Number of protein chains: 2
Amino acid sequence: MTTIREIAQLCGVSVATVSRVFNQPLTVSKEKREVVERVARELDYRPNESARALATKRSGLIGLVWDTDHRRPGWRHPYLQELLIGLKSALSAHGYHLLMLATSGSAALRAVGASLADPVAYVNMTRRHHLGGLVLIDSGSDASAFTAFAQSGLPCVAVDVEVDGPRATYVTSDNVGGAAMAVRHLVEEGHRRIATVTGPHANRPAADRLAGFRAAMAEAGLAVPPEYVVEGDFYRPSGQAAMRTLIALPEPPTAVFCAGDEMAVGALLAARHAGLRVPDELAVVGFDDIELAALVDPPLTTLAQDKAGIGVAAARAVLTMVHGGEKPAPAFLPTKLVVRASSR
Amino acid sequence: MTTIREIAQLCGVSVATVSRVFNQPLTVSKEKREVVERVARELDYRPNESARALATKRSGLIGLVWDTDHRRPGWRHPYLQELLIGLKSALSAHGYHLLMLATSGSAALRAVGASLADPVAYVNMTRRHHLGGLVLIDSGSDASAFTAFAQSGLPCVAVDVEVDGPRATYVTSDNVGGAAMAVRHLVEEGHRRIATVTGPHANRPAADRLAGFRAAMAEAGLAVPPEYVVEGDFYRPSGQAAMRTLIALPEPPTAVFCAGDEMAVGALLAARHAGLRVPDELAVVGFDDIELAALVDPPLTTLAQDKAGIGVAAARAVLTMVHGGEKPAPAFLPTKLVVRASSR
DNA sequence: TGAGCGGCTGAAACCGGTTACAAAGAAAGG
DNA sequence: CCTTTCTTTGTAACCGGTTTCAGCCGCTCA
């Protein structure tokens, strides 16, 4: 590997000059700069990132914390792939790379009792590797670790989880607005008895979707009887169970808004088992626009999240802080109503 | 941040001794070792990975190349999530982390004409960051870059793509065996006219699945007329089109083995459109066991890949080479036949 | 008793960059 | 013409570890 000393020698300049050519080109005279650049190219010079990171205390890496919750082995992130694409492209556009930190997914580490969901471990890794900051992806459970990390003062951005701290912010969809759109759509279709299946109330997106639902219902002058709000857990069975409950009511709803597509699919199943025709006897709207939504029968009306956009927003937010900027306000990305046969 | 010099001073030993305590503990006397360890703990010492990497030329990082093919924007890896889980946990069990390298997914980079699908860029990154090696995940298209990288002599392991090079190997499912299992299952169900929808012939897993199909058919003493082998591209529409072709044959098959679940779903659609009852008039078997397989109607019989296991195998293979071991032979992980209603 | 050996330890070089500081030369101002 | 300021450059310290090498010590064995 070529080093700047070799280049310096060949060009008859000092190492400082060579270093400057790559970092503050304008402070070097045009002639020397061109010579150095040419020689560097000829020798296929590549800066040693470790040496750089050592000297500058910056590595050009952003940590990615993505805990696979071992209490829910089958859990899958609804849009990890798109999220990663967005993250990666936005980061690499600024010369950053993404370091996936080891997490509780490691059976070996768990065996030693060293769950890396431990925020101390995050901080540890961040400092050891001179990470600029972290992107935290909801594991579906252990958000407490995120909160704790957010307190550490290191730049971090959470996706779909509310966190707060000196340099911590989060990115999620406009859940309030999305839910409201769902309700308005159903109202336009003529529904007046509209129920909702929510996510866990402690979950920020779930709470927001419920809030949006209530707001839009009020706006439409419709009442929301307490039994029309059933709490689920984002998984399909809970949606199915909730729908069964709703169907059994003395005055069942004619439409239901589910805070997640998986639960909406569960609702479709419950409707089918009860012999209800969708959308004629029951309209269903979901949230997320997972791949499955377009494939179930009938295809599911849902609110599409800007999945890659969320990744991009997260990347931007963390980079802003890394570069010393103010902590950005939480971002709420717009969602898009995708009308399919389940509601029309 | 605490450094080994501080620790050395506090303990009244040299920095060399402190360093040894962490790297070759047995060469240090018990007393000094314990003192150093205690002080390090009290000071919350964390080794500076950049300094380490600089001195040792090893960073403890493995590169992950996952190209999102911009020619197929909607493309999604069938099991990226499970793959990552397997990779991560196996790597972290050995103290390694995964660095996601920026790729052609970056619009910004593409705009500059600097497609990072360029193997030169991979090598570049690998050296700059002192990566131990790379894991290459098929982008569905640009495998030529992988091949080129494999020639570089740096340790690399490809997933689901055949590569060869001095320190390059690959990991995939036992596609031959899986396909054979599919055929045997269909034969046991009484089928004799069995067709197949393959993937692109240039694709190694696709070729292997076809080979397994042919072998098992021969074993069962069944002929495979040329028109019973239709080439697809792993996407759903190609499966649907292929199935239409097969149904239109003068003597259509009673069963079809599709080299991928997406294509199998397409086949189910074609059957439904043609008014064929599945499995009574047409049995369908897929490959992959994607999430959707269990959810279509009827649920799809398929060959489940050991998704996380493939990640673990890839991690093991790359670590073996990183640690100076011989290049491991390509790994073919066993698949499991999951019988559902589409074939029974 | 002396040579030989193995276990521990420390001094110092080294990894490959960045950057503070000083100095030299050129340009500008009085 | 002298002073001041700006631009460009080089020297050398520094980032925080690892590792080579040599030396010291205490034992063993002849």
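What you are looking at is a predicted structure, and each value in this text was computed from that prediction instead of being measured. Values below: all heavy atoms of this structure, side chains included; hydrogens, waters and symmetry mates excluded. Per chain, numbering begins at 1; letters A, B, ... match sequence-line order.
Chain B approaches DNA chain C over the interval C:dC8 to C:dG16, counting the first and last nucleotide 5' to 3' with an atom under 4.0 Å from its heavy atoms.
Taking a cutoff of 4.0 Å between a charged side-chain nitrogen and a carboxylate oxygen, A:K30 and A:E34 qualify as a salt bridge.
Between B:F146 and B:Y122, the ring-plane angle classifies as tilted under the 30° and 60° cut-offs.
Remark: the backbone N or O of A:A90 is not paired with any side-chain donor or acceptor of A:R316 at under 3.5 angstrom.
Residues A:W66 and A:L83 are not in side-chain contact: their nearest non-hydrogen atoms beyond the backbone lie 4.5 Å or more apart.
Nearest-nucleotide positions on DNA chain C place B:L26 closer to the 5' end than the other of B:L26 and A:I4. Two residues, B:T27 and B:K57, neighbour DNA chain C, and the one matched to the more 5' nucleotide by heavy-atom proximity is B:T27.
Across the helix from C:dT1-D:dA30 to C:dG30-D:dC1, the helix axis at one end is tilted relative to the axis at the other end by 40° (nearest 10 degrees, each axis from five pairs).
Between B:H77 and B:D138, the side chains place no donor N or O within less than 3.5 Å of an acceptor N or O (distance only, hydrogens not considered).
Atom-to-atom, CZ of A:R5 to P of D:dA12 comes out at 13 Å; the value is rounded to the nearest Å. Across the protein-nucleic acid pair, A:K32 atom NZ and D:dT8 atom C1' stand 8 Å apart, rounded to whole Å. Put simply, CG on B:L54 is 12 Å from P on D:dT19, counting in whole angstrom units. One interatomic measurement links the two molecules: CG of B:N48 to P of D:dT18, which rounds to 10 Å at whole-angstrom precision.
Within the structure, every side-chain polar atom (N or O) of A:T17 is placed at least 4.0 Å from both OP1 and OP2 of D:dT9.
How far CD1 of B:I7 is from CD of B:E42: 10.5 Å, rounded to the nearest 0.5 Å. Atom CG of A:L131 is separated from atom CG of A:L101 by 6.0 Å, given to the nearest 0.5 angstrom.
B:S29 comes within 4.0 angstrom of the backbone, heavy atoms only, and of no base. Among the atoms of the strands shown, only primed sugar atoms or phosphate atoms (P, OP1, OP2) are found under 4.0 Å from some heavy atom of B:Y45. When heavy atoms are screened at a 4.0 angstrom cut-off, B:V18 is found touching no nucleic acid atom at all.
Among residue pairs with one or both ends in residues 320-331 of chain A, those qualifying as side-chain hydrogen bond (donor to acceptor under 3.5 Å, both in side chains) are A:Y96-A:H323, A:D164-A:K327; sequence neighbours excluded. Listed by first and then second residue, the side-chain hydrogen bond (donor to acceptor under 3.5 Å, both in side chains) pairs that reach into residues 56-65 of chain B come to none, sequence neighbours excluded.
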Atom pairs, protein N/O to nucleotides 20-27 of chain D N/O, distance under 3.5 Å:
{"from": "D:dT20", "atom 1": "O4", "to": "B:R20", "atom 2": "NH2", "distance (Å)": "3.3"}

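Here B:R20 pairs with nothing under the salt bridge (Lys or Arg N to Asp or Glu O under 4.0 Å) rule; sequence neighbours left out.
Aromatic rings of A:Y45 and A:F22 (six-membered ring for Trp) have centroids within the 6.0 Å cut-off, being under it.
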